[in-house]
Amino acid sequence: PHLRAALHRLPMHFRKRYMENKAFRRPAVHMKPFSEEHPDQPFVRHSDGRVYPSRHFDLPPQIFYPAESQRCLWANEGIVYGFRQRKKESPIHPRFWRPHLYRIPFHSELLNRWMYIIVSHRALTLIEQAGSLDQYILASSDGELNSRLGTHLKRDMLLALARLPPDSELRQRYAKYAVPPEEAEWIGLSLAEACKKQLKLESDAKKQAAAVPKKIELMRRLREPQNSAEAPVA
């Protein structure tokens with residue numbers, strides 16, 4: 001309950017990014033809408049004999065994102081749950097379709113280090129299209145990444161970008177992604193983590209404000225004996 005009190009005091013840039021992530025509509029990476037695949041068929045006859053609009057069949061599959069996907073880059077790919085029937089006469093069996101994963105080394109220019117990351121086939125394709133891992137991470141929103149690893153890498157990259165000299169060639173190349181360090185350090189935090197961070201910042205500010213007058217008073221008291229000792233005796 002004490003964390004709820006800090007919700008309205010969170011920075012505006014964090015609240016905006018959080019609401020954009022919540023309102024993000026995940027792309028249909030596991031399906032092609034029937035209405036787009038058959039634009040010449042505005043109506044389709046179902047197996048029950050009734051006629052429905054083609055958009056009636058644009059139903060997304062059930063997608064499951066395991067906890068392991070947050071430590072990888074899946075680019076909104078997930079585990080699809082459905083049913084499969086090999087032949088018309090054979091029974092229907094439940095089945096899971098999993099994304100193809102690869103463990104590939106990547107180099108980050110901003111972080112200046114190599115790292116092994118497990119990526120899906122779609123994520124690997126998007127990284128190749130972007131040109132580098134840094135470009136893909138910085139150009140993608142939190143909803144498009146859908147990964148704690150991705151948002152943490154984005155925070156580290158933006159903080160490293162803010163520490164570069166203004167006239168460096170690397171900073172000029174990624175200048176369009178630059179944000180202030182005070183904003184970059186909030187990226188990748190969950191709502192509970194952001195509330196805890198806000199409460200800690202407020203607590204540190206109160207301690208610092210309360211400690212300054214005590215330091216001034218202590219310095220004044222330390223000077224008094226010295227001044228009284230140096231004063232001439234009447």
Side-chain angles (χ1 to χ4, degrees), residues 3 6-27 29 65 67-77 102-120 122-205 208:
L3 294 179
L7 287 175
H8 67 281
R9 300 195 299 271
L10 292 175
M12 184 58 64
H13 57 80
F14 174 82
R15 286 187 281 177
K16 180 180 178 182
R17 184 182 296 271
Y18 179 81
M19 294 306 298
E20 289 177 352
N21 187 26
K22 286 296 182 182
F24 178 76
R25 186 175 182 181
R26 304 195 186 281
V29 300
Y65 298 99
E68 290 77 6
S69 65
Q70 297 299 312
R71 299 191 292 268
C72 313
L73 295 178
W74 285 18
N76 278 307
E77 281 194 83
Y102 312 93
R103 187 172 181 267
I104 299 178
F106 292 96
H107 180 262
S108 173
E109 292 181 312
L110 293 173
L111 302 179
N112 192 23
R113 63 186 175 94
W114 287 86
M115 63 193 85
Y116 275 94
I117 302 178
I118 299 177
V119 298
S120 65
R122 183 171 186 269
L124 183 60
T125 302
L126 294 176
I127 294 174
E128 292 177 351
Q129 292 177 356
S132 65
L133 177 67
D134 299 41
Q135 289 284 356
Y136 166 70
I137 294 293
L138 296 177
S140 302
S141 64
D142 296 351
E144 292 173 345
L145 292 174
N146 191 23
S147 168
R148 292 272 289 178
L149 173 65
T151 53
H152 288 179
L153 286 176
K154 179 186 290 188
R155 177 183 59 198
D156 295 343
M157 290 177 182
L158 291 176
L159 289 175
L161 180 61
R163 290 192 293 264
L164 292 175
D167 56 346
S168 65
E169 187 269 339
L170 192 59
R171 184 184 179 107
Q172 294 177 1
R173 191 189 314 169
Y174 296 95
K176 60 180 180 180
Y177 305 115
V179 296
E182 298 79 10
E183 179 179 347
E185 64 184 8
W186 289 82
I187 296 177
L189 299 180
S190 62
L191 188 59
E193 293 172 346
C195 292
K196 292 180 181 179
K197 181 179 179 65
Q198 180 66 23
L199 292 176
K200 187 177 184 304
L201 291 176
E202 295 174 355
S203 176
D204 294 343
Q208 184 177 3

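Below, each value reflects all heavy atoms present in this structure, side chains not excepted, and no hydrogens, waters or symmetry copies. Fair warning: this is a prediction, and the values are worked out from it, not measured in the lab.
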Using modelled atom types only, decide if a donor and an acceptor are shared between the side chain of R148 and the backbone of G188 within a distance under 3.5 Å.
yes
Okay, side chain of R122, backbone of N76: is any donor-acceptor separation there less than 3.5 Å?
no
If you round to the nearest 0.5 Å, how far is CZ of R171 from CZ of R163?
11.5 Å
How close do L159 and A184 get, counting heavy atoms only, and between which atoms?
CD2-CB, 3.8 Å
Under the 3.5 angstrom rule, does the side chain of Q198 hit a backbone N or O of L10 as a donor-acceptor pair?
no
Are L73 and L133 packed together at the side-chain level, in the sense that at least one heavy-atom pair is separated by less than 4.5 angstrom?
yes
Can you tell me how the ring of H13 sits relative to the ring of W186, calling it parallel under 30°, perpendicular over 60° and tilted otherwise?
perpendicular
Could you walk me through whether L124 and Y136 pass the side-chain contact (heavy atoms from CB on, under 4.5 Å) check?
CA-CA 10 Å; L124 183 60; Y136 166 70; over 6 Å; no
Under the side-chain contact (heavy atoms from CB on, under 4.5 Å) criterion, do L164 and Y174 qualify, and how do the steps go?
CA-CA 11 Å; L164 292 175; Y174 296 95; over 6 Å; no
Counting C-beta onward and ignoring hydrogens, is there a side-chain heavy-atom pair between H152 and I187 closer than 4.5 Å?
no
Looking only at non-hydrogen atoms, find the nearest pair between C195 and A6 and report the distance.
O-CB, 4.2 Å
Determine whether D142 and K154 make a side-chain contact, defined as any pair of heavy atoms from C-beta on separated by less than 4.5 Å.
yes
Find out whether W74 and N146 are in side-chain contact, i.e. whether some heavy atom of one side chain is under 4.5 Å from a heavy atom of the other.
no
After noting the C-alpha distance and the side-chain angles of N112 and H107, does the key distance pass the side-chain contact (heavy atoms from CB on, under 4.5 Å) rule?
CA-CA 7 Å; N112 192 23; H107 180 262; 4.2 Å; yes
Distance (rounded to the nearest 0.5 Å) between D134 CG and L153 CG
9.0 Å
Report yes if the side chains of C72 and L149 come closer than 4.5 Å at any heavy-atom pair, otherwise no.
no
Examine the side chains of Y177 and Q135 and answer whether a donor and an acceptor come within less than 3.5 Å of each other.
yes
Closer than 4.0 angstrom, basic N to acidic O: yes or no for K197 and E193?
no
Quick check: do L126 and E144 have side-chain heavy atoms less than 4.5 Å from each other?
no
Which residue, K200, E202, Q208, forms the side chain to side chain contact (heavy atoms under 4.5 Å, CB included) with D204?
K200
Say you draw a straight line from CG of D167 to CD of Q172; how long is it, rounded to the nearest 0.5 Å?
7.0 Å
Quick one, R17 and S141 - any side-chain contact, counting heavy atoms below 4.5 Å?
no
side-chain contact (heavy atoms from CB on, under 4.5 Å) for L191 and L7? Distances and angles first, verdict last.
CA-CA 9 Å; L191 188 59; L7 287 175; 3.8 Å; yes
Do L138 and L110 come within less than 4.5 Å of each other through their side chains, counting heavy atoms only?
yes
